[in-house]
Amino acid sequence: MRKLGLPAAMLVFVAAAFLELSGQWPRHRLNTTRVAPATVVPPITFTQIVDTLRRGETLSALFARHKIAGIDFHRLDPALSLDPRRLRPGLVFSFLRHEGDTAPTRIMVRTSPEQRVTFSRASQGWNTETQPIRWRSEEARIEGAIDNSLYEALDAGVSDEQLDGVNRRRLAWDLADVYAWAIDFTRDIRPGDRFQVVYERMVSEDGEVRMGRVLASDLTISGKSLTAFRFGGGDGRTALYYDAEGNSLRRAFLRAPVEFRRISSRFASARFHPVLGLTRRHEGTDYAAAPGTPVMAAGDGVVLRAGRAGGYGNLIELRHLNGIITRYGHLRGFARNIRRGIRVEQGQVIGYVGSTGLATGPHLHYEFRVNGVARDSRNVKLGNGTPVETAQRGGFEQERDRLLVLLRQATPSVPALAGQVAESPTRWLP
């Protein structure tokens, strides 16, 4: 047996080596497949060019400058707000072009604060779509002193971190609109007067910032506090401003029938007339404004006269309830359809500031007459406004108390508005 052991072992070793080399033992050899190296796909890169619609330029000319043709702008969907006849210079377009292409494949333009329009190149032309711009609302508060005018107070007392210059100007006019029936901002302001305002600050998904609505305000004028709270707007109704007692600030007559820059001459028993060169009674208030500034009806009424009237120049005379008549003189012209017998509503544009008649420059001469007697329109008692409806009283008081807490609290820190505005597109307007 020992003699057979060595030869047998050698035989087993040779057999094992043969099976190993043939791939049949001790296990099946895996088939190996050569894998080709992965193909690296270069990323698609775009080139973006921002261009602006120039004064007197058409959309066709702007697009042609970027080698784009084949778009009939007159057949675009009106919902796109790209009517070629109504676009204003300064509208910003972004043209995106693939690397290596000679013409853009995508065009974007902001046609309003809430909408972006996109043109995308397709095989048969161009596809267009609108995309909504999302805005979120924040509540903010500012306060300060009024020494001269409301706008100057806002401009000097409110920092750019709270409101930029454009929005300070808008806030001043919005506040003037809120108190249009109660305050004459050119005469009633005294040194030491103050303002507190809670307003909406709107921030878009692109980081743009703009003023929203005035939510509440408290103006201390000549030691008297005048509060206003915005309420309503549901069920299709227009939101109004109410005082703390729930009475509407809206009255039968506006204190000023024109958005004036300054009052050049107030109601006086006598004044030196600059044209006639003599002193005589001045039975109205003169509002200096740029020629063509719209003049509004101070209250609901009927047109008694619309035509030439001596020293008044072009004059409109309105008859209102309770024996009240208002006159609007030195007009450059009348609004369409303003003639004798026509009914007008408060705030409706009836004419335009001019310098016709005995006038040294463009301004509105405004008279307020009761039973034929001239009265100072800014001192006439106009009564209380319509109160909040009984069914809405609980909701009003809840909203009033909420806003009152915000109005009285310390001024919170507000993100830098000016920096955000500077970093975002501003010339989107059509």
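As a basis for the values below, the full set of heavy atoms in this structure was taken, side chains included, without hydrogen atoms, waters or symmetry mates. In this text, all values refer to a predicted model and were calculated from it rather than measured experimentally.
Contacts of S137 classified as side chain to side chain donor-acceptor pair (under 3.5 Å), with partners at least two apart in sequence or in another chain: none. Contacts of R55 classified as side chain to side chain donor-acceptor pair (under 3.5 Å), with partners at least two apart in sequence or in another chain: none. Under the side chain to side chain donor-acceptor pair (under 3.5 Å) criterion, Q398 pairs with no residue, sequence neighbours left out. Residues meeting the side chain to side chain donor-acceptor pair (under 3.5 Å) test with R393, sequence neighbours left out: E397. Applying the side chain to side chain contact (heavy atoms under 4.5 Å, CB included) test to D83 and every residue at least two apart in sequence or in another chain returns R85, R86.
Between the side chain of R170 and the backbone N or O of G212, at least one donor-acceptor pair lies under 3.5 Å. Of the possible donor and acceptor atoms, one in the side chain of R121 sits under 3.5 Å from a partner among the backbone N and O of P104. Between the side chain of R375 and the backbone N or O of V370 there is no donor-acceptor pair closer than 3.5 Å. Of the possible polar contacts, none joining the N167 side chain to the R210 backbone as a donor-acceptor pair under 3.5 Å is found. Counting only distance, with no hydrogens or angles, the side chain of R169 and the backbone of A172 share no donor-acceptor pair below 3.5 Å. Formation of a donor-acceptor pair under 3.5 Å by the D243 side chain with backbone atoms of E245 is found in this model.
Residues L219 and D193 are not in side-chain contact: their nearest non-hydrogen atoms beyond the backbone lie 4.5 Å or more apart. For the pair R54/P89, no side-chain contact is recorded, criterion being any heavy-atom separation below 4.5 Å from C-beta on. The shortest distance between side-chain heavy atoms of L406 and L215 does not fall below 4.5 Å. Side-chain contact between P291 and V353 is absent, with no heavy atoms from C-beta onward closer than 4.5 Å. Within the 4.5 Å cutoff, no side-chain heavy atoms of V214 are placed close to those of D177.
Atom CD of E345 is surrounded by 12 or fewer heavy atoms from other residues, nucleotides or ligands within 6.0 Å.
Going from atom NE2 of H365 over to atom OH of Y287 covers 11.0 Å, rounded to the nearest 0.5 Å. How far CG of N371 is from CZ of R369: 11.0 Å, rounded to the nearest 0.5 Å. Here the CD1 atom belonging to I350 is positioned 4.0 Å from the CD1 atom belonging to I316, to the nearest 0.5 angstrom. Between atom OG1 of residue T118 and atom CD1 of residue I107 there is a gap of 9.5 Å, rounded to the nearest 0.5 Å. Distance check, rounded to the nearest 0.5 Å: CG of L407 to CZ of R141 gives 6.5 Å. Taking CZ from F119 and CD1 from I71, the interatomic distance works out to 5.5 Å, rounded to the nearest 0.5 Å.
Sorted by first and then second residue, the side-chain hydrogen bond (donor to acceptor under 3.5 Å, both in side chains) pairs with a member in residues 211-221 read Y179-S217, E200-R213, D218-S225, D218-R408; sequence neighbours excluded. Applying the side-chain hydrogen bond (donor to acceptor under 3.5 Å, both in side chains) rule to pairs touching residues 328-344 yields T326-Y328, sequence neighbours excluded. Judged as a ring-ring contact (aromatic ring centres under 6.0 Å, His included), the pairs with a partner in residues 376-405 (not counting sequence neighbours) are, in order, F231-F396, Y242-F396. The ring-ring contact (aromatic ring centres under 6.0 Å, His included) analysis of residues 335-356, with sequence neighbours excluded, yields no pairs. Identified under the side-chain hydrogen bond (donor to acceptor under 3.5 Å, both in side chains) test for residues 56-66, with sequence neighbours left out: D51-R65, D51-H66, E57-R65.
The heavy-atom pair separating L53 from L59 by the smallest distance is CD1-N, 4.3 Å. Here the closest non-hydrogen pair linking P113 and W135 is O-NE1, 2.7 Å. Shortest non-hydrogen contact noted between L62 and T52 is CD1-O, 4.2 Å. Of all non-hydrogen atoms in R110 and L91, the two that sit nearest each other are O-CD1, 3.3 Å. In this structure, A122 and N127 approach most closely via the heavy-atom pair CB-ND2, 3.5 Å. Closest non-hydrogen pair, I133 versus S204, comes out as CG2-CB, 4.1 Å.
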Exercise for review: Dump the intermediate steps for side chain to side chain contact (heavy atoms under 4.5 Å, CB included) on Y366 and V258, then the final yes or no.
Suggested key: CA-CA 10 Å; Y366 175 59; V258 65; over 6 Å; no
**Study point:** CA sep, side-chain torsions, deciding dist, call: E138, R136, salt bridge (Lys or Arg N to Asp or Glu O under 4.0 Å)
**Key:** CA-CA 7 Å; E138 303 173 349; R136 73 175 186 273; 3.3 Å; yes
Exercise for review: Any chance you could lay out the side chain to side chain contact (heavy atoms under 4.5 Å, CB included) test for E399 and F229, step after step, and finish with the verdict?
Suggested key: CA-CA 8 Å; E399 178 67 359; F229 303 94; over 6 Å; no
With a 3.5 Å cut-off and sequence neighbours excluded, list the donor-acceptor pairs that the side chains of residues 295-312 form with protein atoms.
residue : atom : partner : partner atom : Å
D300    : OD1  : Q346    : N            : 2.7
Y312    : OH   : R327    : NH1          : 3.0
Y312    : OH   : E367    : OE2          : 2.6

Side chains of residues 249-257: which donor-acceptor pairs under 3.5 Å do they make with residues two or more places apart or in other chains?
residue : atom : partner : partner atom : Å
R251    : NE   : G383    : O            : 2.6
R251    : NH1  : S248    : O            : 2.5
R251    : NH1  : L249    : O            : 3.3
R255    : NE   : W181    : O            : 3.4
R255    : NH1  : S377    : O            : 2.9
R255    : NH1  : V380    : O            : 3.0
R255    : NH2  : V380    : O            : 3.1

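No salt bridge links R230 with E139; every basic N to acidic carboxylate O contact stays at or beyond 4.0 Å.
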